[in-house]
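Structure, as structure tokens:
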Amino acid sequence: MSGPSTYVPETGFTRWLDQRLPILRFSHDTMLTFPTPRNLNFWYAFGAILTFCLGVQIVTGIVLAMHFDPSATVGAVPGSSAAFDSVESIMRDVNYGWLLRYVHANGASMFFLAVYVHMFRGLYYGSYKAPREILWILGVIIYLLMVMTAFMGYVLPWGQMSFWAATVITNLFSSLDQVTGGLKVGSHIATWLWGDFAVGGPTLNRFFSLHYLLPFIIAAVVGLHIWALHVPGNNNPLGIDVKGPQDTVPFHPYYTAKDAFYVGLFAILFAVLVFFAPDFVGNPDNYIPANPLVTPADIVPEWYLLPFYAMLRSIPQKLIGVLVLGGAIVTLAFIPWLDTSKVRSNRFRPLMKQFFWLFVLDCLVLGYCGSQGVDAAVVGIPLVWVARLGTAYYYGFFWVLMPLIGLIETPRPLPDSIAKSVLGAAHAPAE
Amino acid sequence: MATTTTAEPTRRDFLYIATGSVAAVGAAAALWPLIDQMNPSSAVLALASIEIDLTPIQVGQSVTFKFRGHPLFVRRRSPAEIATAKAVPVSELIDPIARNLNLPDDAPATDANRETHPEWLVVSGVCTHLGCTPTAYEGDFGGWLCHCHGSQYDVAGRVRKGPAPQNLEIPVYSFLSPTRVKVG
């Protein structure tokens, strides 16, 4: 799609460099002249917003690591640990430490907010459909890496929620014991992850090591994601292919400016959270030092994992619960082949559009169920049953409705081209 | 002769396979320390046992101790609790196995197989679902309720409501005297 390079080196040095390492040519072709559909809307700014989020997390994370002590040995007061104390020291003593930590902690929430919008946008406009399957799967891998990184980061302050989150998540592996009989493969994996017979000091050390590593792996997969994007080019709200130069504009200055504007708006929202409600998404129990003998009465994960938590909790059988939890994410990788429709964008899919919004609602309802107590009920309906229904719809949407609707739905007629749709047939440049 | 190809393996084929095999074994040998370093170290494996003085524990009280990094419940059961626990038929249980490390692996989960002395229940405080610590005196069975995912245990530490799949484990322990117990 990008076609032959239009880069012309202008100085003696750039001509010399271009024959040895054409890095300026590559940047010019991918970031400046890259032909981009002229009709991308607000929802397409989230790629840039996510890049911004990753940058913020890496920069603040590197600085925080200079002050953090990944040790579970006893801290200044009984019950606390060196790790817990060092986080408090970042909050109280380190110059601007409070700001850096609040940006990093809330940055995780903003990162997930943006990635969920990005994923729903991809679902709505059919951005996973051929020829963008690999692009979508790389996105699912990035999401999975983000979940792992966020989980390990959450463990580092070594508070009560840190400790018990680590216990519950690593114990997910012990469910494998139910199928491996006397071998207890699952328990051995859990012990291997802990480096001990319970979550403890060795666990904290290795989680810190991996929490530092994974963002760079994410950055590498983001590189592949963008590479895979630049082969077929962007999808667009109409979901039809680009037919020629009249359908596109150069990435710079059109989308660099548009993306920068929305990154600015996003940064304002981010700043509101950091400066006015820095503990809004956090759990106060994590300001209590980890205690291996007492589980907090109300243990919940961070908001961005609540729908999956609700699924796990709604299944009364351990192994099946864990499989349903993992399967919910694995399912995403199969979407390109589960959707049988020839039309990408939900703008032209009247039936699918309704089930799509029901799916968005379903995710929100599951999240609400996960945030409530085990035995909670709303107007007499036990939430565990609501969560079961929600889980059924989650799976049903992808594995039943998606293949079925593509076959029975009559899509609305597609426009001839992006240019005609955007400019009106009369004003469109000749093709 | 030189132009005909033969199906017979040559000395070169053998050398290729042998070289590749040595490389594979070498890579696996180099990988193993990188994997095994994550397992519990010798210091962690040096198992400790603890001794518990039972005299301060009152009838009906459940006390939590720390054993090998995990919580351990010692509960002094009242006669009414013992009677309730003994009245439950094994067929009614989610997990019919005693899970008592002092007994054979297949011992049934009768109340008698869950204790050495009916008054004293010594049981691991690790929920068999995902490892949280259940809270005593809560739930519908007079034992423990795990707040993480809602599992419930009775006064013999047997699971009565899922998602936990197994009874709370009973560690190796013995009475040194009527008021002193050694765990581990």
Side-chain angles (χ1 to χ4, degrees), chain A residues 72 163-175 177-178 182 186-203 205-206 209-210 291-301 309-310 312-322 325 373-376 382 384, chain B residues 32 34-48 62-73 94-95 97 99 105-106 124-136 138-140 144-152 159-166 169 171 184:
Chain A
F163 185 91
W164 292 100
T167 299
V168 169
I169 300 296
T170 50
N171 263 311
L172 291 176
F173 290 94
S174 69
S175 62
D177 284 357
Q178 293 184 316
S187 296
H188 286 302
I189 293 175
T191 306
W192 178 72
L193 289 170
W194 297 331
D196 204 329
F197 295 110
V199 171
T203 325
N205 276 151
R206 64 192 55 180
S209 169
L210 295 172
N291 180 352
L293 298 187
V294 181
T295 308
D298 292 306
I299 179 166
V300 282
Y309 181 67
L312 169 74
R313 227 171 38 173
S314 72
I315 310 283
Q317 206 279 347
K318 182 171 168 176
L319 179 63
I320 297 173
V322 172
L325 166 76
V374 181
D375 295 322
V384 65
Chain B
W32 178 243
L34 292 172
I35 293 169
D36 193 41
Q37 53 83 23
M38 280 177 67
N39 276 316
S41 69
S42 308
V44 172
L45 286 173
L47 292 177
S62 171
V63 181
T64 308
F65 297 90
K66 193 172 179 179
F67 172 61
R68 293 180 188 169
H70 286 298
L72 176 84
F73 299 145
I94 292 174
D95 177 17
I97 306 293
R99 310 287 170 195
D105 283 348
D106 56 351
S124 158
V126 180
C127 179
T128 57
H129 182 227
L130 295 174
C132 292
T133 304
T135 312
E138 289 187 15
D140 303 330
W144 288 267
L145 165 72
C146 183
H147 281 272
C148 287
H149 309 91
S151 300
Q152 296 190 21
V159 63
R160 302 298 293 277
K161 181 169 177 278
Q166 291 182 6
E169 188 173 84

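Below, read A as the first sequence line, B as the second, and so on, with proteins coming before strands; counting in each chain starts at 1. Basis for what follows: all heavy atoms, side chains included, without hydrogens, waters or symmetry-related copies.
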Query raised in the report: Can you say whether A:Ile169 sits under 4.5 Å from chain B via the side chain, the backbone, both, or neither, judging by heavy atoms?
Result: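 The answer is neither part of A:Ile169.
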
Query raised in the report: In terms of side-chain heavy atoms, does B:Glu138 have a donor or acceptor partner in B:His147 at a distance below 3.5 Å?
Result: yes

**Report entry** Ring centres under 6.0 angstrom apart (A:Tyr309, B:His149)
**Finding:**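 Ring-ring flag for A:Tyr309/B:His149: true, centres closer than 6.0 Å.
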
Query raised in the report: Ring centres of A:Trp192 and A:Phe173 under 6.0 Å apart?
Result: no

Interface moiety of [X] toward chain A, non-hydrogen atoms closer than 4.5 Å:
X	result
B:Ser151	neither
B:Gln37	backbone
B:Ile94	neither

Requested in this report: Among the options B:Leu130, B:Leu145, B:Asp105, pick out the one with the most heavy-atom pairs lying under 4.5 Å from chain A.
Outcome: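 Most heavy-atom pairs within the cutoff with chain A belong to B:Leu130.
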
Query raised in the report: In terms of heavy-atom pairs under 4.5 Å, which option from A:Gln178, A:His188, A:Lys318 contacts chain B the most?
Result: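 Between A:Gln178, A:His188, A:Lys318, the count favours A:Lys318.
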
Query - Option that, when pairs with chain B are counted at under 4.5 Å, heavy atom only, ranks first among A:Ile320, A:Thr295, A:Thr191, A:Leu319 - result: A:Thr295

Report task. Kindly assign one of parallel, tilted or perpendicular to the pair B:Phe73 and B:Trp144, based on the angle between their ring planes and the thresholds 30° and 60°. Result -> parallel

Requested in this report: Answer yes or no: is there a donor N or O on one side and an acceptor on the other, between the side chain of A:Asp196 and the main chain of B:Pro40, under 3.5 Å?
Outcome: no

Query raised in the report: Do the side chain of A:Arg206 and the main chain of B:Met38 share a donor and acceptor less than 3.5 angstrom apart?
Result: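 Yes, A:Arg206 side chain to B:Met38 backbone: donor-acceptor pair under 3.5 Å.
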
